[in-house]
Participant: 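Below you'll find the structure I mean.
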Number of protein chains: 2
Amino acid sequence: MAFMIAQRAFIKLYLISMVEEHHGYGYEMLEEMKARFESFGYSPPQSEIYRALHELVHDGVLYRTKQLKGNDPKVDFQEIVIYHFTDDGHEKANLYKKQVKVDLDRCIGMLTKAATDNYK
Amino acid sequence: MAFMIAQRAFIKLYLISMVEEHHGYGYEMLEEMKARFESFGYSPPQSEIYRALHELVHDGVLYRTKQLKGNDPKVDFQEIVIYHFTDDGHEKANLYKKQVKVDLDRCIGMLTKAATDNYK
DNA sequence: CGATGAACAGTATGTTCATAG
DNA sequence: CTATGAACATACTGTTCATCG
């Protein structure tokens with residue numbers, strides 16, 4: 001058993017949730033996570049987001065489609081990669097989320113214990 | 001800012017507390033940590049304990065003395081390394097603990113947030 | 001087996017670079 | 001500046017090996 005939850009797993013968890021809510025693309029989800037955790041002084045590195053997305057694709061949870069950002073191609077030619085769940089992606093994702101939840105609770109327990117054990 | 005607290009810092013925190021309470025030696029403190037976190041499925045590796053102790057010595061927080069385990073040398077010749085605070089070791093340790101506390105709370109906050117954000 | 005230490009190997013992570021529009 | 005991807009370097013961790021009594 002590893003000591004703490006891996007950053008990768010933490011990010012994957014949010015990516016799954018964000019794809020559930022609004023089939024997003026990498027950069028957008030990166031910015032969303034940065035905003036969410038800015039107050040914690042945590043800024044997820046760009047490379048980790050893409051690696052996590054690639055892994056989720058590799059694991060058969062997500063698949064990719066490409067499209068141009070904005071409805072009018074004349075205005076913005078920026079190509080973006082949109083992520084969707086595969087046929088059994090939701091099932092796989094829920095299983096993964098369950099596993100992460102266990103680890104999440106375990107980590108919270110350990111850190112809370114450390115806070116009470118060492119600061120009396 | 002790193003994502004999560006490092007295992008090393010987590011272990012150092014406990015080592016400092018254990019030295020405060022009963023000038024212990026490496027193996028003993030390893031076993032104590034193992035026992036404390038057995039229910040979490042976490043078993044701190046032996047190498048990390050010693051590395052952490054070496055770093056605390058290197059950082060001028062602790063110094064080492066050697067002695068034979070057991071009062072009667074004829075019974076047990078096992079040599080053990082006892083750790084003590086240096087002159088300004090307590091001061092340094094308290095500063096370190098303060099810093100770790102901040103990080104500990106930050107990590108608990110992030111993990112708790114993740115638990116509420118992704119499991120509704 | 002208890003006790004300490006070091007070497008080695010792998011992997012996760014952070015930084016930088018590359019490309020494109 | 002948005003957007004994606006890969007390369008590179010390294011810090012951290014886990015496993016194994018070495019030694020001693």
Side-chain angles (χ1 to χ4, degrees), chain A residues 1-12 15 18 23-35 37 41-58 62-70 72-83 103 107 110, chain B residues 1-12 15 18 23-35 37 41-58 62-70 72-83 103 107 110:
Chain A
M1 178 82 68
F3 166 59
M4 279 281 114
I5 189 172
Q7 181 178 204
R8 189 90 36 101
F10 188 87
I11 289 175
K12 278 183 180 175
L15 293 177
M18 286 188 283
H23 307 270
Y25 57 100
Y27 195 89
E28 184 198 28
M29 295 191 277
L30 169 65
E31 292 302 317
E32 192 172 328
M33 280 206 73
K34 278 187 181 175
F37 289 99
Y42 168 58
S43 183
Q46 166 256 19
S47 53
E48 274 301 305
I49 301 283
Y50 287 110
R51 268 192 287 246
L53 283 170
H54 299 338
E55 279 190 15
L56 286 171
V57 170
H58 182 267
L62 303 178
Y63 72 92
R64 303 151 40 103
T65 60
K66 294 192 176 185
Q67 71 174 56
L68 293 177
K69 187 182 177 184
D72 189 354
K74 294 168 190 163
V75 177
D76 195 338
F77 288 98
Q78 180 73 60
E79 196 179 23
I80 59 179
V81 178
I82 309 283
Y83 290 88
D103 203 31
C107 291
M110 281 180 57
Chain B
M1 177 83 66
F3 167 58
M4 280 280 114
I5 189 172
Q7 181 177 205
R8 190 86 41 96
F10 188 86
I11 288 175
K12 278 184 182 176
L15 292 176
M18 288 189 281
H23 307 269
Y25 58 99
Y27 195 88
E28 184 197 29
M29 295 191 277
L30 168 64
E31 293 301 317
E32 192 173 328
M33 280 205 74
K34 278 187 180 174
F37 288 100
Y42 168 59
S43 183
Q46 168 255 18
S47 53
E48 274 301 305
I49 300 284
Y50 287 109
R51 269 193 285 246
L53 283 170
H54 298 339
E55 279 190 16
L56 286 171
V57 169
H58 182 266
L62 304 177
Y63 71 92
R64 304 152 40 105
T65 60
K66 295 193 175 183
Q67 71 174 55
L68 294 178
K69 187 182 176 184
D72 189 356
K74 294 167 190 166
V75 177
D76 195 338
F77 287 98
Q78 180 74 62
E79 196 179 23
I80 58 179
V81 178
I82 310 282
Y83 289 88
D103 202 31
C107 292
M110 282 179 56

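Treat the numbers as computed from the prediction; the structure is a model and nothing was measured. Every chain is numbered from 1 and lettered A, B, ... according to where its sequence line falls, protein lines coming before strand lines. Side chains are part of it too, since the values below use all heavy atoms of this structure and drop only hydrogens, waters and symmetry mates.
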Participant: Checking contacts here: which listed nucleotide (C:dT4, D:dA3, D:dC12) is nearest the side-chain heavy atoms of B:Val81?
Facilitator: C:dT4
Participant: What's the CZ-C1' distance between B:Phe10 and D:dT13, to the nearest Å?
Facilitator: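 Result: 15 Å.
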Participant: Nearest whole angstrom, please: distance from the P of D:dA3 to the CG of A:Leu53.
Facilitator: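 Nearest whole value for this atom pair: 14 Å.
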Participant: Which of the following nucleotides, C:dA12, D:dA6, C:dT4, is nearest to the side chain of A:Ala6?
Facilitator: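 From the listed options, C:dA12 comes nearest.
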Participant: Rounded to the nearest Å, what distance is computed from the CE atom of residue A:Met4 to the P atom of nucleotide D:dG14?
Facilitator: 11 Å
Participant: Rounded to whole Å, how long is the line connecting atom NZ of A:Lys66 with atom C1' of D:dT4?
Facilitator: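 From A:Lys66 NZ to D:dT4 C1': 9 Å.
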Participant: Measure CD/B:Gln46 against P/C:dA3 and give the value in whole Å, please.
Facilitator: 12 Å
Participant: What pairs with B:Tyr50 under side-chain hydrogen bond (donor to acceptor under 3.5 Å, both in side chains), at least two apart in sequence or on another chain?
Facilitator: none
Participant: What pairs with A:Thr65 under side-chain hydrogen bond (donor to acceptor under 3.5 Å, both in side chains), at least two apart in sequence or on another chain?
Facilitator: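 Applying side-chain hydrogen bond (donor to acceptor under 3.5 Å, both in side chains) to A:Thr65 gives A:His84.
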Participant: Look up atom CG in B:Leu53 and atom CG in B:Leu15, then write down how far apart they are to the nearest 0.5 Å.
Facilitator: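 Going from the CG atom of B:Leu53 to the CG atom of B:Leu15 covers 4.5 Å.
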Participant: Under 4.0 Å between a side-chain N/O of B:Arg64 and OP1 or OP2 of C:dG5, yes or no?
Facilitator: yes
Participant: Output the single nucleotide from D:dT15, C:dT4, C:dT13 whose closest atom is nearest the side chain of B:Pro45.
Facilitator: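 Nucleotide nearest to B:Pro45's side chain: D:dT15.
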Participant: Test for a donor-acceptor pair under 3.5 Å between the base of D:dG14 and the side chain of B:Glu48, counting only N and O atoms.
Facilitator: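 Check fails, no donor-acceptor contact within cut-off.
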Participant: Considering only side-chain heavy atoms of B:Gln7, which listed nucleotide, C:dA12, D:dT13, C:dT4, is closest?
Facilitator: D:dT13
Participant: Donor-acceptor pairs are to be reported for all side-chain atoms of residues 26-33 of chain B against protein atoms at under 3.5 Å, with residues two or more places apart or in another chain.
Facilitator:
| unit_1 | atom_1 | unit_2 | atom_2 | d |
| --- | --- | --- | --- | --- |
| B:Glu28 | OE1 | B:Tyr25 | N | 3.4 |
| B:Glu32 | OE1 | B:His22 | NE2 | 3.4 |

Participant: Minimum heavy-atom separation for A:Ile11 and A:Ile49, please, with both atom names.
Facilitator: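 Looks like CG2-CD1, 3.8 Å.
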Participant: Supply the atom-to-atom distance B:Glu48 CD to B:Ser43 OG, rounded to the nearest 0.5 angstrom.
Facilitator: 12.0 Å
Participant: Could you check if a side-chain atom of B:Gln46 sits within less than 4.5 angstrom of a side-chain atom of B:Lys34, using non-hydrogen atoms only?
Facilitator: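 Of all side-chain heavy-atom pairs linking B:Lys34 with B:Gln46, none is under 4.5 Å.
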Participant: How many whole angstroms separate atom CZ of B:Phe3 from atom C1' of D:dT13?
Facilitator: 16 Å
Participant: What residues in residues 25-33 of chain B put a non-hydrogen atom under 4.0 Å from any atom of DNA chain C?
Facilitator: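 Of all residues in residues 25-33 of chain B, the ones placing a heavy atom under 4.0 Å from DNA chain C are B:Tyr25, B:Gly26, B:Tyr27.
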Participant: Residues two or more places apart in sequence or in another chain: which of them pass side-chain hydrogen bond (donor to acceptor under 3.5 Å, both in side chains) with B:Gln7?
Facilitator: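 For B:Gln7 the side-chain hydrogen bond (donor to acceptor under 3.5 Å, both in side chains) partners, ignoring immediate neighbours, are B:Tyr42.
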Participant: Check nucleotides 7-9 of chain D for protein N or O atoms closer than 3.5 Å to its own N or O atoms and list the pairs.
Facilitator:
none

Participant: Using whole Å, what does the distance between atom C1' of nucleotide C:dA3 and atom CD1 of B:Ile82 come to?
Facilitator: 11 Å
Participant: Taking all non-hydrogen atoms of both residues into account, name the closest pair between A:Tyr83 and A:Val57 and its distance.
Facilitator: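 Minimum heavy-atom contact is CE2-CG2, 3.7 Å.
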Participant: Between D:dC12 atom C1' and B:Glu55 atom CD, what is the distance in whole Å?
Facilitator: 10 Å
Participant: Taking only side-chain nitrogens and oxygens of B:Tyr50, does any of them come within less than 4.0 Å of OP1 or OP2 of C:dG5?
Facilitator: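 No, B:Tyr50 has no side-chain N/O under 4.0 Å of OP1/OP2 on C:dG5.
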Participant: Between the side-chain atoms of B:Glu79 and the base atoms of D:dG21, is any donor-acceptor pair under 3.5 Å?
Facilitator: no
Participant: By nearest atom, which of the nucleotides D:dT4, C:dA3, C:dA6 is closest to the A:Ile80 side chain?
Facilitator: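 Shortest atom-to-atom distance from the side chain points to D:dT4.
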Participant: Do the non-hydrogen side-chain atoms of A:Phe10 and B:Met110 ever get within less than 4.5 Å of each other?
Facilitator: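 Result yes, sub-4.5 Å side-chain heavy-atom pair found.
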